[in-house]
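Everything on this sheet refers to the single structure shown next.
So you know, we letter chains A, B, ... as the sequences are listed, proteins then strands, and number each from 1. It should be emphasised that the depicted structure is a prediction, and the values quoted were computed from it without experimental measurement.
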There are 2 protein chains.
Amino acid sequence: MNLSFNIENFINDFESNCHKVKKRVFSKNEVITSYIEKRNQFCILVNGNADLVRYDLNGNRTIVEHFSTNDIFGEVFYTVTTNNELLVEAREKCEVLIYTYDDIHTKCRTNCKFHQKLSECLPELILNKVTDLNMRVELLTKRSIRDKLLGYFSLLSTRTLSKTFSLPFSLTDLADYLSVDRSAMMREIKVLKEDGFIEKEGNKITLLYK
Amino acid sequence: MNLSFNIENFINDFESNCHKVKKRVFSKNEVITSYIEKRNQFCILVNGNADLVRYDLNGNRTIVEHFSTNDIFGEVFYTVTTNNELLVEAREKCEVLIYTYDDIHTKCRTNCKFHQKLSECLPELILNKVTDLNMRVELLTKRSIRDKLLGYFSLLSTRTLSKTFSLPFSLTDLADYLSVDRSAMMREIKVLKEDGFIEKEGNKITLLYK
DNA sequence: ATATTTTTGTTGCTTTTGCAACAGAAAAAC
DNA sequence: GTTTTTCTGTTGCAAAAGCAACAAAAATAT
């Protein structure tokens, strides 16, 4: 993610200077925020892991996005409608900076160091988010469960620079992330093992093809 | 899309000042660019309509993104791998600004007006792209063809502020955009008509539910 | 104006995916 | 350390989606 800024400095800067940013700590399974129209919240995950989840009318749960350290989220990135209830849930202890986006241009012309730094780094932070979202779209447009799994595994393999890697999700969550039925996904994982595409031990996957 | 900058000024500014940005015109069906690792191309669609398409090994075509006036694209937003051939194809005559992103910070400290303007507006342009991508993810995570269609129609209805709207795609392209089989999609449209959810006349759709 | 290509609409059949239900393993809570 | 909850793994059956193929309509090219 080679970001050219250090988020730790962020925290020190804003604590002495800025009253518009709040730092909050959330424990596992807590709801960090829910997306509400026109509030324009903008959040930075300083550390931890969290998911943006949606529950639809059929009771399906979807993990819309998965966030880890330095990821940004909030309704400022989302066209909120009444059809979708969106919650950001902490998967483990999370430290979060919460800010109201309002108008980045006017905010950043105050003398506050935090906003100076933010406006400087925002393009890079958002660019990072865009590439994440594009990879997500790429995965979701795959036509079969098999291709989604292989695509996701290959992504993790590339990221970790290794043929063996552990899943950052439980299998239940992975199904919700790939937007498929869990039992159908389990069946497909079994077939992938039988066909010699992958090996699986606990939550560790090894790719057997080059 | 209420952007606080005018892209027309962009064009005038850079033509007199900047040698690093090229403006090019493409005719219908021309390939505007293909995504190639490490080239870091960044493009602004000044006007026209274009699609980012992927052809997979099974011969499936996917419309990954659809671009219209003021949308931005290029491999700077994409983690390009050898598994995916990605082309941006003009749907109609398109005017495009093509720029190499390289390092936005150093570029923008020259005296070139274009880069000043660009760095100023970039967060807003990208933010717009992020909300588009999030809507796309929302659509793609719907579990059935029916829900994808209804979700997409509802989106168009919201955008046009009307229950009746025309599709910006042919039905063939719509299937590639929703990432589903065309004949299955046609069947589902028929069912939606029979069930009284929609009306369809040519490429105009009317939503019959509130 | 006519020929060619693309798009729309449809259908029968096959394959994939989803649903429901359950048992054992693992993890978390008490 | 025992209980409770969540997660994994599996299966039979039902429903949905994909595939192939074709004809008619519409759009585009010549």
Should the pair B:Phe67 and B:Phe73 be assigned to parallel (<30°), tilted (30 to 60°) or perpendicular (>60°) ring geometry?
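Answer is parallel, since the angle falls under 30°.
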Aromatic rings B:Phe42 and B:Phe77: how do their planes relate, parallel, tilted or perpendicular, breaks at 30° and 60°?
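Geometry flag for B:Phe77 against B:Phe42: tilted rings.
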Any idea which heavy atoms bring A:Thr141 and B:Ser179 closest together, and the distance?
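Distance-wise, the nearest heavy atoms are O-OG, 2.6 Å.
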Could you state the atom-to-atom distance from [atom1] of [X] to [atom2] of [N] in whole Å?
| X | N | atom1 | atom2 | result |
| --- | --- | --- | --- | --- |
| B:Leu167 | C:dT8 | CG | C1' | 13 Å |
| A:Arg91 | D:dT6 | CZ | C1' | 13 Å |
| A:Ile189 | C:dT17 | CD1 | C1' | 15 Å |
| B:Arg61 | D:dG18 | CZ | P | 16 Å |
| A:Asp176 | D:dC7 | CG | P | 10 Å |
| B:Asn60 | D:dA20 | CG | P | 10 Å |

Quick one: is C:dT8 close enough that its OP1 or OP2 comes under 4.0 Å of any side-chain N or O from B:Thr172?
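Checking C:dT8 against B:Thr172, a side-chain N or O does come within under 4.0 Å of OP1 or OP2.
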Does B:Arg54 count as lying over the ring of B:Tyr35, i.e. NZ or CZ under 6.0 Å from the six-ring centre, within 45 degrees of the axis?
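Ring-cation test returns no.
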Do [X] and [Y] have side-chain N/O donor and acceptor atoms under 3.5 Å apart?
| X | Y | result |
| --- | --- | --- |
| B:Gln41 | B:Thr33 | yes |
| A:Thr100 | A:Arg39 | no |
| B:Tyr78 | A:Glu138 | yes |

Does anything in residues 192-207 of chain A come within less than 4.0 Å of DNA chain D? Heavy atoms only, and list the residues if so.
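The stretch gives A:Lys200 as the residues lying under 4.0 Å from the strand, ordered by number.
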Pull out every residue in residues 138-148 of chain A that has a heavy atom closer than 4.0 Å to any atom of DNA chain D, ordered by number, or say none.
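Those residues: none at all.
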So for B:Arg182 and C:dG9, does any side-chain atom that can act as donor or acceptor lie under 3.5 Å from a complementary atom in the base?
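Present.
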State whether the number of non-hydrogen atoms from other residues, nucleotides or ligands found under 6.0 Å of [X] atom [atom1] is greater than 12.
| X | atom1 | value |
| --- | --- | --- |
| B:Glu92 | CD | yes |
| A:Lys193 | NZ | yes |
| A:Glu85 | CD | no |
| A:Glu201 | CD | no |

On DNA chain D, compare the nucleotides closest to A:Leu171 and B:Asp181; which residue's is nearer the 5' end?
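Result of the comparison: A:Leu171.
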Closest to the [X] side chain, choosing from [options]:
| X | options | answer |
| --- | --- | --- |
| A:Ser183 | C:dG18, D:dG18, D:dT10 | D:dT10 |
| A:Ser170 | D:dA17, D:dC7, C:dT17 | D:dC7 |
| A:Met186 | C:dC19, D:dT10, C:dG9 | D:dT10 |

Helical bend (five base pairs per end, nearest 10°) for the helix from C:dA1-D:dT30 to C:dC30-D:dG1:
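Angle reported: 70°, given to the nearest ten degrees.
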A:Tyr152, A:Tyr177, A:Phe169 screened by ring-ring contact (aromatic ring centres under 6.0 Å, His included) with A:His66, the one that passes
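Considering A:Tyr152, A:Tyr177, A:Phe169, a ring-ring contact (aromatic ring centres under 6.0 Å, His included) with A:His66 is found only for A:Phe169.
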